[in-house]
Amino acid sequence: MSLGNLRDFLEQRVTAALTAAGATDAPGVVRVSGKPEFGDYQANGIMGAAKRLKAKPRELAATVLEHLDLDGIAEVEIAGPGFLNISLHNAWLSEQLNQRSTLLVAAVSSQTVVVDYSAPNLAKEMHVGHIRSTIIGDATVRMLEALGHNVIRQNHVGDWGTQFGMLVTYLRELDDTEGAAGSVLADLEEFYRTSKAKFDADEGFAERARLAVVALQAGDPDVRALWQQFIDLSLTHCQTLYERLGTTLTQANVMAESSYNDALPGIIDSLRDKGLLQESAGAQCVFLDEFKGKEGDPLPVIVQKSDGGYLYATTDLAAVEYRSKTLAADRVMYFTDARQAFHFKQIFAVAAAAGFDTKQVSLEHYPFGAMLGRDGKPFKTRAGGVVKLAELLDEAEERARTEVRGRGELTTEDDINQAGQTIGIGAVKYADLSKNRTSDYVFDWDAMMAFEGNTAPYLQYAYARIQRIFERGEVDLESAADMPVSTLSEPAEHQLANALLRLQEVVEQSVAEGMPHYLCTYLYEVASRFMKFYEVCPILRSEGDQKASRLALCVDTAQVLKGGLGLLGIDTVDRM
RNA sequence: GCACCCGUAGCUCAACUGGAUAGAGCACCAGGCUUCGAACCUGGGGGUUGUAGGUUCGAGUCCUACCGGGUGCACCA
């Protein structure tokens with residue numbers, strides 16, 4: 001039997017002991033110990049419980065200890081003002097590792113989770129601004145699925161705004177005069193820029209563009225066909241990048257803004273029926289008391305413009321209803337820019353007031369900060385333009401190839417290209433994933449490509465090094481997987497073994513909070529502990545049970561590193 | 001003006017319902033390879049956690065005020 005989440009298991013035992021000691025509703029609050037001398041885990045809950053009971057913390061701790069059932073599992077002692085320090089027995093750690101065929105198992109209760117991420121604007125080429133949502137969202141999706149949840153990806157691409165009238169008109173008129181649109185669309189960014197310039201400069205063109213929007217939304221077949229052509233090209237461009245990035249998104253996950261078009265009148269009707277709709281300055285609005293404007297006056301959520309057009313608020317309300325009711329989500333996670341925080345606060349509030357969501361669904365916005373250059377200003381090209389994602393990835397791969405070539409471990413161009421791709425893309429993704437999602441993030445090529453510190457190359461290196469141990473020792477991986485971990489005589493072995501068993505709790509926590517950097521920090525910890533183990537514990541030069549045990553630790557470490565990086569959407573190579 | 005986010009070592013970042021002496025990497029200094037990959041490991045210096053108060057056994061974390069930075073606030077998305 002696998003215990004799965006080790007921390008939860010220990011916490012349950014401590015909580016039970018607290019209850020037995022007379023402290024009801026008092027969680028054990030078990031955490032990883034801050035220092036090795038405090039054991040592997042520590043229980044912090046005794047002091048809080050003692051406070052409520054007006055008891056002396058250390059006396060309560062002594063009572064809890066009497067009731068605590070961790071015989072054969074751990075050594076527990078009272079420390080400081082009333083902590084319980086929990087040190088897992090070596091024999092028990094070994095047994096746990098040996099019992100587990102995999103270090104990650106499905107969570108206890110499976111949910112249907114809708115994850116809204118990436119969502120680029122199809123009017124433009126994908127650029128660095130889209131990378132955070134795409135990468136963080138995709139890592140979250142992978143972790144959710146690994147825990148056995150039913151995940152529904154929703155790529156809410158922007159394909160329905162005013163600017164599409166402009167693009168379609170430009171495309172149509174170009175088609176007449178300059179031939180194939182396909183060649184022009186080879187550079188989406190350029191196409192957008194020139195059509196925007198024309199839109200701003202040529203009033204006649206602008207008027208035709210506005211008419212095209214009306215025609216588009218009214219379902220005019222000709223305009224619609226041109227628009228579809230444009231959307232298809234843009235989506236193909238996105239898909240190419242998704243594949244280069246190694247994300248799991250496919251065109252089947254695209255649920256565009258336009259797909260909610262037919263539901264929008266119904267949203268307005270529902271709001272009217274609920275008595276939530278008010279007209280203000282010709283626009284249809286929802287006013288909620290909790291939202292105030294500049295002078296403290298009521299602030300509306302505008303759902304229909306004075307000209308009858310709908311807005312992205314309307315679309316998002318329709319999306320809430322679709323996800324809550326049609327998709328029957330238990331949880332909807334939105335990974336978007338922090339600037340949209342207020343928007344989603346309003347949407348969730350209006351949806352709740354109007355009953356667009358269901359009782360059980362949890363609507364959660366996971367904001368992230370901006371991407372900055374090393375100078376602390378928004379990340380731009382030297383010329384001040386947006387950095388295209390494709391060019392960013394080109395540079396990442398080129399830098400990685402240079403590193404790998406310089407290293408000299410790989411000789412054929414195929415191997416160098418393969419490793420360059422894996423390391424370059426991995427470095428970019430990991431740099432983003434390893435930082436706290438909510439803060440702005442400084443994009444620094446040198447730091448992310450470094451083979452030192454908390455980077456993807458360091459973790460990939462650790463993995464490659466383990467592969468070389470197997471190769472050099474002529475170890476058959478199949479049989480090594482069955483070797484028992486036995487003696488954990490060295491502290492470094494104990495530390496590594498304990499770290500390996502923590503994958504489950506870390507992934508669960510990452511998913512609970514939408515914070516993939518927990519997993520990154522953990523993997524770095526595993527790699528660091530492996531390096532220390534490797535330094536002091538001979539593996540191939542040891543013998544008998546000890547050799548088998550150490551090889552087994554290597555197998556498990558490789559599994560955690562590869563598997564953990566895989567959950568982040570990052571690949572490994574056997575040699576680099 | 002109002003609201004939200006942020007402020008931690010020279011730099012980039014951690015710190016898990018408030019827990020023990022605030023931790024890593026880079027950079028700097030000193031060590032360690034005839035031995036499984038030294039892109040590694042060991043040790044050292046470096047902090048009034050923006051400022052001032054408050055809450056309590058205990059505050060980077062919670063509350064209040066201020067300073068500094070970012071973002072948002074009526075028909076774009």
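In what follows, chains are A, B, ... by sequence order, proteins preceding strands, each numbered from 1.
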State whether the distance check finds a donor on one side and an acceptor on the other, under 3.5 Å, for side chain A/Arg468 versus base B/rC36. no

Looking at every strand, decide which applies to A/Glu403 at a 4.0 Å heavy-atom threshold: base, sugar-phosphate, or nothing. base

Pairing partner (Watson-Crick or G-U wobble, both distances under 3.5 angstrom) of B/rC33: none

Pairwise P distance, B/rA65 and B/rA24 [rounded to whole Å]: 37 Å

Look at all strands and tell whether A/Val303 reaches a base, only sugar-phosphate, or nothing, counting heavy atoms closer than 4.0 Å. nothing

Can a side-chain donor-acceptor contact be found between A/Glu508 and A/Gln504 if the only test is distance below 3.5 angstrom? yes

Check the distance between B/rU61's C1' and A/Glu513's CD and give it to me in whole angstrom. 14 Å

Nearest to the A/Val32 side chain among B/rC16, B/rU12, B/rA14, which nucleotide is it? B/rC16

Check every strand shown and say whether A/Gly48 touches a base, only sugar-phosphate, or nothing at a heavy-atom separation below 4.0 Å. base

Under a plain distance cut-off of 3.5 Å, with no hydrogens placed, do A/His365 and A/Thr336 share a side-chain donor-acceptor pair? yes

With rounding to whole Å, what would you report as the distance between B/rU51 and B/rA77 at their P atoms? 44 Å

Could you run down nucleotides 72-77 of chain B 5' to 3' and tag each one B, S or - for protein heavy-atom contact under 4.0 Å? SBBBSB

Taking the cut-offs as 6.0 angstrom to the six-membered ring centre and 45 degrees off its axis, would you call A/Arg465 and A/Tyr534 a cation-pi pair? yes

B/rC40 pyrimidine/purine six-ring stacking with A/Tyr534, under 5.5 Å and 30°: no

Send over the distance from A/Lys51 NZ to B/rA59 C1', rounded to a whole Å. 11 Å

When the P atoms of B/rC13 and B/rC63 are compared, how many Å lie between them, rounded to an integer? 25 Å

Is a side-chain donor or acceptor of A/Arg58 paired with a backbone partner of A/Gly80 at a separation under 3.5 angstrom? yes

Between B/rC67 and B/rA52, how far apart are the two P atoms, rounded to whole Å? 15 Å

Short side-chain N/O contact from A/Arg472 to OP1 or OP2 of B/rG37, under 4.0 Å: yes

Atom-to-atom span, CZ of A/Arg52 to P of B/rG18 - whole angstrom: 12 Å

Counting just side-chain N and O atoms, does A/Tyr458 come under 4.0 Å of either OP1 or OP2 of B/rG37? no

Check the phosphate of B/rC16 against A/His517, side-chain N and O only, distance under 4.0 Å to OP1 or OP2. Yes or no? no

Taking only residues two or more places apart in sequence or in another chain, which ones pass side-chain contact (heavy atoms from CB on, under 4.5 Å) with A/Gln12? A/Asp8

Just by protein heavy atoms under 4.0 Å, how would nucleotides 20-30 of chain B read 5' to 3' in B, S and -? BS-SSSS----

Please state the P separation for the pair B/rG32 and B/rA38 - nearest whole angstrom. 16 Å

Between A/Tyr117 and A/His156, does any side-chain donor sit less than 3.5 Å from a side-chain acceptor? no

Taking B/rG37, B/rA15, B/rC16 as options, the one with an atom nearest any side-chain atom of A/Glu409 is B/rG37

Counting the atoms with a prime plus P, OP1 and OP2 as sugar-phosphate, which does A/Arg374 contact under 4.0 Å by heavy atoms, base, sugar-phosphate, or nothing? nothing

Base, sugar-phosphate or nothing for A/Cys537? Non-hydrogen atoms, less than 4.0 Å. base

Using a 4.0 Å heavy-atom cut-off, does A/Asp337 contact any base of the nucleic acid, only the sugar-phosphate backbone, or nothing at all? nothing

Which part of the nucleic acid does A/Met515 contact within heavy-atom distance under 4.0 Å: base, sugar-phosphate only, or nothing? nothing

Out of B/rC36, B/rA15, B/rC41, whichever nucleotide has its closest atom nearest the side chain of A/Tyr518: B/rA15

Would you classify A/Pro27 as touching base, sugar-phosphate or nothing, given that sugar-phosphate means primed atoms plus P, OP1 and OP2, and contacts are heavy atoms under 4.0 Å? base

Can you list every pair that meets side-chain hydrogen bond (donor to acceptor under 3.5 Å, both in side chains) and has a residue in residues 278-288 of chain A, with sequence neighbours left out? A/Glu279-A/Gln284

Phosphate OP1/OP2 of B/rU42 contacted by A/Lys532 side-chain N/O (<4.0 Å): yes

Could you check whether A/His130 and A/Asn121, counting side-chain N and O atoms only, form a donor-acceptor pair closer than 3.5 Å? no

Rounding to the closest angstrom, what is the interatomic distance between B/rG37 and B/rC5 at atom C1'? 44 Å

List in chain and number order the residues that pass side-chain contact (heavy atoms from CB on, under 4.5 Å) with A/Lys35, two or more places apart in sequence or in another chain; answer none if no residue qualifies. A/Glu37, A/Phe38

Looking at B/rA38, I'd like to know if its phosphate oxygens (OP1 or OP2) sit under 4.0 Å from a side-chain N or O belonging to A/Arg465. yes

May I ask you to say whether A/Arg339 pairs ionically with A/Asp337, meaning some side-chain N is under 4.0 Å from a carboxylate O? yes

Residues which pass side-chain contact (heavy atoms from CB on, under 4.5 Å) with A/Asp415, listed by chain and number, not counting sequence neighbours: A/Leu410, A/Thr412

